[in-house]
Amino acid sequence: MELSKDNIEKDYNKVKSEFQNKDSLQTAYNIASEIKGYEKILEMVFAFLVSAFRGKLRNDKKTPLVFHSIYLTKLMYLCGEKNMNALLTVALHDVLEDTDISEDVLSKQEFMKGREYLIKNLRILKEDKTLSREPDGENLPPRYVEHIKRLIKGSKEVVNTEIIDRFSDLMDLEYILELPEKEIKFRLKSKLIKVKSFVYNIIRNRKDFNKECFELFESKVNECEKKWGIKINISLINL
């Protein structure tokens, strides 16, 4: 598949529909089979994720939450990241934040043998839920400021995961567009402030981020700003 925003969007929506309407585990196995050279280990990882996220849904209230982690693993592979550290970091990036799985339980999984050091990546990717993330339409909430400061110091696997995670943020805006009209533009503006602040802060002064991931992100941001008539200028965070 040619790596373009339009092709990825079509594939993203196709796979999302499959997760909504078919068995999640079988759909996950089908995706694992597309990631050549890593099929067996990703079958283990995806089975673990399907179990860990069972019963949890995306903001649309109909897509299994596990879809997000599994599709972004495929997307990282399509962006040229063939290292297992990169694929495992993105596959597991929400486990500590959004499930009851502990670091200890995760580190004992067969697919983590010899890779326990990746827990450090997952700690960095986990938001501090004690801080507020409520937007005001102009500034970045405290939770995101704190998180960005940690992400800046993260490995390239962390940075690349964050870039495509923020790309994904802009792929699922239906739940915002269903809000009362007076709230829609406020929420869209807040979303763009968030994603641009994260990505442009964490890639500054770095050359090791994945350019394909970043180009997908930029293309989607530009599309959203044009479509909704919102232009966001963000400030770099002082460390």
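The basis for the numbers below is simple: all heavy atoms, side chains too, and nothing from hydrogens, waters or symmetry mates. The first residue of the sequence shown is numbered 1, and numbering continues consecutively from there.
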Handout entry: NZ/K120: more than 12 non-hydrogen atoms of other groups inside 6.0 Å
Key = no

Exercise for the section: Taking atom CG of N21 as the centre, report whether more than 12 heavy atoms of other residues, nucleotides or ligands fall under 6.0 Å from it. Expected result: yes

State whether the side chain of [X] and the backbone N or O of [Y] hold a donor-acceptor pair below 3.5 Å, judged by distance alone.
X    : Y    : value
E116 : G114 : yes
Q26  : K22  : no
K74  : I31  : no
S51  : A47  : no
E181 : L179 : no
E97  : E127 : yes
N210 : C79  : yes
S168 : I164 : no
D11  : N7   : no
R150 : K126 : yes

Once you round to the nearest 0.5 Å, how far does [atom1] of [X] lie from [atom2] of [Y]?
X    : Y    : atom1 : atom2 : value
L118 : M84  : CG    : CE    : 9.0 Å
Y200 : I148 : OH    : CD1   : 13.0 Å
N222 : K231 : CG    : NZ    : 6.5 Å
L106 : L96  : CG    : CG    : 6.0 Å
T99  : F53  : OG1   : CZ    : 5.5 Å
L65  : F67  : CG    : CZ    : 10.5 Å

Practice task
For side chain to side chain donor-acceptor pair (under 3.5 Å), just list the numbers for T63 and D60, CA-CA rounded to whole Å, side-chain angles, deciding distance to a tenth of an Å, and then say yes or no.
Solution key: CA-CA 7 Å; T63 306; D60 62 10; 2.6 Å; yes

Is there a chain of hydrophobic side chains (I, L, V, M, F, W, Y, each step under 4.5 Å between heavy atoms) that links [X] to [Y]?
X    : Y    : answer
L131 : V145 : no
F46  : L57  : no
F186 : V221 : no
I101 : M44  : yes
L92  : Y117 : yes

4.5 Å side-chain heavy-atom contact, [X] and [Y]:
X    : Y    : result
K191 : I176 : yes
N201 : I234 : yes
I70  : V50  : yes
E223 : L170 : no
R166 : D169 : yes
L188 : L177 : yes
K156 : R206 : yes
I119 : M112 : yes

Handout entry: Positive for side-chain contact (heavy atoms from CB on, under 4.5 Å) with I163, one of T161, D165, N160
Key = N160

What pair of heavy atoms forms the shortest contact from [X] to [Y], and how long is it?
X    : Y    : result
P141 : S132 : CB-O, 3.5 Å
H147 : I124 : NE2-O, 2.9 Å
V158 : L151 : CG1-CD2, 3.6 Å
R133 : Y144 : CD-OH, 3.5 Å
N85  : T89  : O-OG1, 2.7 Å
R187 : P135 : NH1-CG, 3.5 Å

Problem - Test of ring centre spacing under 6.0 Å for F198 and F217 - result: no

Handout entry: Ring center gap for Y71 and Y12 short of 6.0 angstrom
Key = yes

Inspect the contact between [Y] and [X] and indicate whether a charged nitrogen and a carboxylate oxygen are less than 4.0 angstrom apart.
X    : Y    : result
E110 : K113 : yes
E134 : R143 : no
K5   : E215 : no
R58  : D172 : yes

Practice task
Check step by step if side chain to side chain contact (heavy atoms under 4.5 Å, CB included) holds for V90 and S69.
Solution key: CA-CA 7 Å; V90 69; S69 298; over 6 Å; no

Practice task
Any chance you could lay out the salt bridge (Lys or Arg N to Asp or Glu O under 4.0 Å) test for E225 and K196, step after step, and finish with the verdict?
Solution key: CA-CA 11 Å; E225 289 186 331; K196 291 184 75 171; 2.9 Å; yes

Problem - Working for salt bridge (Lys or Arg N to Asp or Glu O under 4.0 Å), residues D104 and K108 - result: CA-CA 7 Å; D104 184 58; K108 291 177 180 176; 3.2 Å; yes

Practice task
Run the numbers on Q109 and V105 for side chain to side chain contact (heavy atoms under 4.5 Å, CB included), then give the verdict.
Solution key: CA-CA 7 Å; Q109 300 304 307; V105 168; 3.8 Å; yes

Handout entry: From CA spacing to verdict: side chain to side chain contact (heavy atoms under 4.5 Å, CB included), F214, E212
Key = CA-CA 5 Å; F214 180 67; E212 285 77 12; over 6 Å; no

Problem - side chain to side chain contact (heavy atoms under 4.5 Å, CB included) evaluation trace for D208 with V159 - result: CA-CA 9 Å; D208 60 348; V159 169; 5.7 Å; no

Practice task
Dump the intermediate steps for side chain to side chain donor-acceptor pair (under 3.5 Å) on T130 and D128, then the final yes or no.
Solution key: CA-CA 5 Å; T130 67; D128 182 350; 2.6 Å; yes

Practice task
Test D98 against every option in R54, K129, K56 by the salt bridge (Lys or Arg N to Asp or Glu O under 4.0 Å) rule and name the one that passes.
Solution key: K129

